[in-house]
Structures are given as structure tokens and as C-alpha cells.
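Notes follow the structure.
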Amino acid sequence: MVTVRAPATSANLGSGFDVFGAALERPADVVRVSKADRTTIEITGVGSQYIPEDPDKNTVGAVAEALDAPAHIEIDKGVRPASGLGSSAASAAAAAVGLNELYDRGLTREELVPIAAEGEAVVSGDAHSDNVAPSIMGGFTIAREDGVTQVDASIPLVTCLPEIVVSTRDARQVVPDGARMEQVVETVGNAATLSVGMARDDPDLVGRGMNDGIVTPARAELITGYEEVREAAFEAGATGVTISGAGPTVIAACHDRDRRDIASAMIDTFEAEGIDARAYQTRIGQGATIF
């Protein structure tokens, strides 16, 4: 048996749609894999009742098939499904790392990213790497078709998850088909600023680089209270605020000293809208870990 902890992640980070990703210290999934004649799946933890155990309909089943590594796979969910925190990616990443170890396939972490992304396609319909890359490799990642660039970073973050469900498929349907040139130029500048901020471990630069005027405004319409929560986070000290992945989680970059105040402000503002929420005071951390 091999046991792997794979972290939640935040994709896009505002200006890096389908490209940027970051591993979070918490929450995380824990996945145990053991050799078997055929793949079977057992799921416990948060939201487990909504996740199919049929290998043909679960991310980890696709990973096991891609690695030709049948196994009994136990998933302890710590990352809520439909949260915008890479729930399916965490399971896929943990399974890929665990099965690679169990069957001694000898693949590097970067080589495992496209395999885990195939598992993601079971849920979202597309094999995107922006969540699985940081969950496997850790830190801040830039996922391109020709590979992944990874940067170790330790930016303090607050993620606030409201009791709202936004499916990845729904969030993709509202993405605009095009953008004005000035919007593209602004987004490129913000993405470059965020990347430099990650390389320097600078929360102020990272926060400035989160701004996005193309995708985020459209997705914000799906999250009740988003603008109010965003403003409250800034007032409490956030350097940048945006939607995590497809939402509904709202993520704020900040300094360590401000995390508690930001978390409280975000929760209180959602509750003022009649929505229960919970916040994680976290930071960018390491990727999947084999116990």
C-alpha cells in the first residue's frame, strides 16, 4: 500500500486563466492505493456522497487506466467537490503519484501531470493541467502545452468557501468568446506582474497581478456577494482578491499579519448576504507527499 497526501489548489489566480496554479498548504485529499486485479474505488470524507465510485466516472479510475496500474483506491476527501479548490485534481494527483510509486513506473512529477490531467477530463470534459500541476509539483506553476514551469513560493493566502455550488461546466459556459485588445494587454501585464511576484515571494506584487477584466467579471455573477466580499477583504488588508478556479471560493493574497482579519471579514460579509462560509488561513506550499 502507498499513501499520498495531495493538496488543494487554486487555478487561474485571476490573470492566468487555464495557465496559472498554486498548491495550498490546506486543505488536502489523502489517497491510499494497493495492487489489485481490477480497479475499485472507495470514498469517504467531505462531499463523498456526491462522487461516483465507478472507475469509469471518477478521476482516479482514468489515472489508473492511463498508468496501466489496477488498484484498490481509497480516497479520503478533504477538499470539497465543486469548491474551486481543485477537488478532483487533488484526487487525480494523489492517485498518479501513488500508483507511479506502487508500480515503480519511474515517471517524473512533470511526466505525471498530463496523466493526472486526463483524469480531470472525466469531470470537466477537458484535460486541463492548471490544478493537477501544482497539486503534484507544489508551489506556483505555469502550465503550457509544452510542459510546466514551477516556482517555489510561500505567499500567505486566505481562501473563503461559501455554501454555494458552482460547477466547472457552468463556469466555463459564461467565459466570454473574445476580448478587446486593451483588456488583453492589461491582463498580460497583470500576469507578468504576478509571475515576478511569485519568483520574488512578494505578496504585494502577486496581489497587484491578480486583477483580471475578462473572465473574472463573468464568473463573479455566479457567486452571490462576491463584490462585497472582495471589498471587505481589501479593507482588511488583502493585496489582491479574485475567484479561485471556477469558484465559488474567493482567494486573497496578503501578508501573514493580516490573514486572520481577512478571513473574518470575508466570512462575515458572506453571512451578511445570508450565506454560510468557512475560511482557510493558508499559503502556497508543497505538492503531493508520499507517506
- Would you check, one step at a time, whether the test side chain to side chain contact (heavy atoms under 4.5 Å, CB included) holds for M198 with I155? CA-CA 8 Å; M198 291 292 185; I155 302 294; 3.9 Å; yes

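- A distance-only check finds no donor-acceptor pair linking the side chain of D130 to the backbone of N12 [under 3.5 Å].
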- Dump the intermediate steps for side chain to side chain contact (heavy atoms under 4.5 Å, CB included) on D204 and R208, then the final yes or no. CA-CA 6 Å; D204 294 305; R208 284 170 54 194; 5.5 Å; no

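- At a threshold of 4.5 Å between non-hydrogen side-chain atoms, the residues R278 and I267 do not count as touching.
- When side chains are defined from C-beta on, T239 does not count as touching V206, because their heavy atoms never get closer than 4.5 Å.
- The minimum heavy-atom distance between V175 and F17, with the atom names listed, is CG2-CZ, 4.0 Å.
- Side-chain contact between T289 and V4 is absent, with no heavy atoms from C-beta onward closer than 4.5 Å.
- Side-chain atoms of R219 never come within 3.5 Å of backbone atoms of V174 as a donor-acceptor pair (strictly under, hydrogens ignored).
- Atom CD of Q281 is surrounded by more than 12 heavy atoms from other residues, nucleotides or ligands within 6.0 Å.
- Taken together through direct or relayed side-chain contacts under 4.5 Å among Ile, Leu, Val, Met, Phe, Trp and Tyr, L107 and V113 form part of one hydrophobic cluster.
- Side-chain N or O atoms of R109 include one that pairs as donor or acceptor with a backbone N or O of A288 at under 3.5 Å.
- Without hydrogens or angle criteria, R257 side chain to R259 main chain gives no donor-acceptor distance under 3.5 Å.
- There is a path of hydrophobic side-chain contacts, each under 4.5 Å, that joins L13 to V19.
- Side-chain contact annotation: S154 with D201, donor-acceptor N/O pair under 3.5 Å absent.
- Environment of CG in D146: crowded, with over 12 heavy atoms of neighbouring residues, nucleotides or ligands closer than 6.0 Å.
- You'll find the side chain of L194 reaches within 4.5 Å of the side chain of M210, heavy atoms only.
- Closest of all the heavy-atom pairs between I164 and L222 is CG2-O, 4.3 Å.
- Between R283 and D256, at least one side-chain nitrogen of the basic residue sits less than 4.0 Å from a carboxylate oxygen of the acidic one, meeting the salt-bridge criterion.
- Under the 4.5 Å side-chain contact rule for hydrophobic residues, V31 and L85 do not share a cluster.
- Put simply, the side chain of D29 never gets that close to the backbone of A6: no donor and acceptor are under 3.5 Å apart.
- Atom-to-atom distance recorded for S10:OG and F140:CZ is 10.5 Å, nearest 0.5 angstrom.
- Of all the heavy atoms in A90 and P7, the pair that sits closest is CB-O, 3.7 Å.
- Taking 4.5 Å as the limit, some side-chain heavy atom of P27 sits within range of a side-chain heavy atom of Y280.
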- Message: side chain to side chain contact (heavy atoms under 4.5 Å, CB included), that's the test. Do S129 and V132 meet it? Break it down for me.
- Response: CA-CA 5 Å; S129 299; V132 293; 4.2 Å; yes

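- Between P156 and P203, the closest side-chain pair of non-hydrogen atoms falls below 4.5 Å.
- The number of heavy-atom neighbours closer than 6.0 Å to NZ of K35, taken from other residues, nucleotides and ligands shown, is above 12.
- The minimum heavy-atom distance between P81 and I51, with the atom names listed, is CG-CD1, 3.7 Å.
- A heavy-atom distance below 4.5 Å is found between the side chains of F270 and V250.
- Although no hydrogens or angles enter the test, the distance criterion places a donor-acceptor pair under 3.5 Å between the side chain of S48 and the main chain of G45.
- In this structure, I290 CD1 and N100 CG are separated by 7.5 Å, a value rounded to the nearest 0.5 Å.
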- Task: Please step through side-chain hydrogen bond (donor to acceptor under 3.5 Å, both in side chains) for the pair K77 and T44, ending with a clear verdict.
- Result: CA-CA 6 Å; K77 293 297 298 178; T44 58; over 6 Å; no

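- N58 contributes no side-chain N or O that, together with a main-chain N or O of E53, makes up a donor-acceptor pair within less than 3.5 Å.
- Both F20 and L24 belong to a common hydrophobic cluster when Ile, Leu, Val, Met, Phe, Trp and Tyr are linked at side-chain heavy-atom distances under 4.5 angstrom.
- A distance of 12.0 Å separates CD1 of I115 from CD of E65, quoted to the nearest 0.5 Å.
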- Query: Hey, mind stepping through E74 and M1 against side chain to side chain contact (heavy atoms under 4.5 Å, CB included) and telling me if it holds?
  - Reply: CA-CA 10 Å; E74 301 172 50; M1 178 184 289; 4.0 Å; yes

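- A donor-acceptor pair under 3.5 Å is absent between the side-chain atoms of S15 and the main chain of D212, judged by distance alone.
- Inter-residue side-chain proximity for R5 and F291 is flagged as met; some heavy-atom pair is nearer than 4.5 Å.
- Of the possible donor and acceptor atoms, none in the side chain of S264 sits under 3.5 Å from a partner among the backbone N and O of D261.
- With values rounded to the nearest 0.5 angstrom, T149 atom OG1 is found 8.5 Å from M137 atom CE.
- Taking CD1 of I43 as the reference point, atom CD1 of I41 lies at 6.0 Å (rounded to 0.5 Å).
- N131 and G86 get closest at one heavy-atom pair: ND2-CA, 3.7 Å.
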- Item | Intermediate values then yes/no, side-chain hydrogen bond (donor to acceptor under 3.5 Å, both in side chains), T249 and S244 | CA-CA 5 Å; T249 291; S244 179; 5.5 Å; no

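- Here E186 contributes atom CD and R180 contributes atom CZ; the two are 9.5 Å apart, rounded to the nearest 0.5 Å.
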- Can you check side-chain hydrogen bond (donor to acceptor under 3.5 Å, both in side chains) on S34 and H72, steps first, answer last? CA-CA 5 Å; S34 50; H72 178 60; 5.8 Å; no

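- Contact record, F234 with A238: CD2-O, 3.3 Å, taken as the closest heavy-atom pair.
- One hydrophobic cluster holds both V241 and I223 under the rule that ILVMFWY side chains link at heavy-atom gaps under 4.5 Å.
- The backbone N or O of T282 sits nowhere less than 3.5 Å from a side-chain atom of E25 that would complete a donor-acceptor pair.
- Heavy atoms from other residues, nucleotides or ligands lying under 6.0 Å from CG of D37 number 12 at most.
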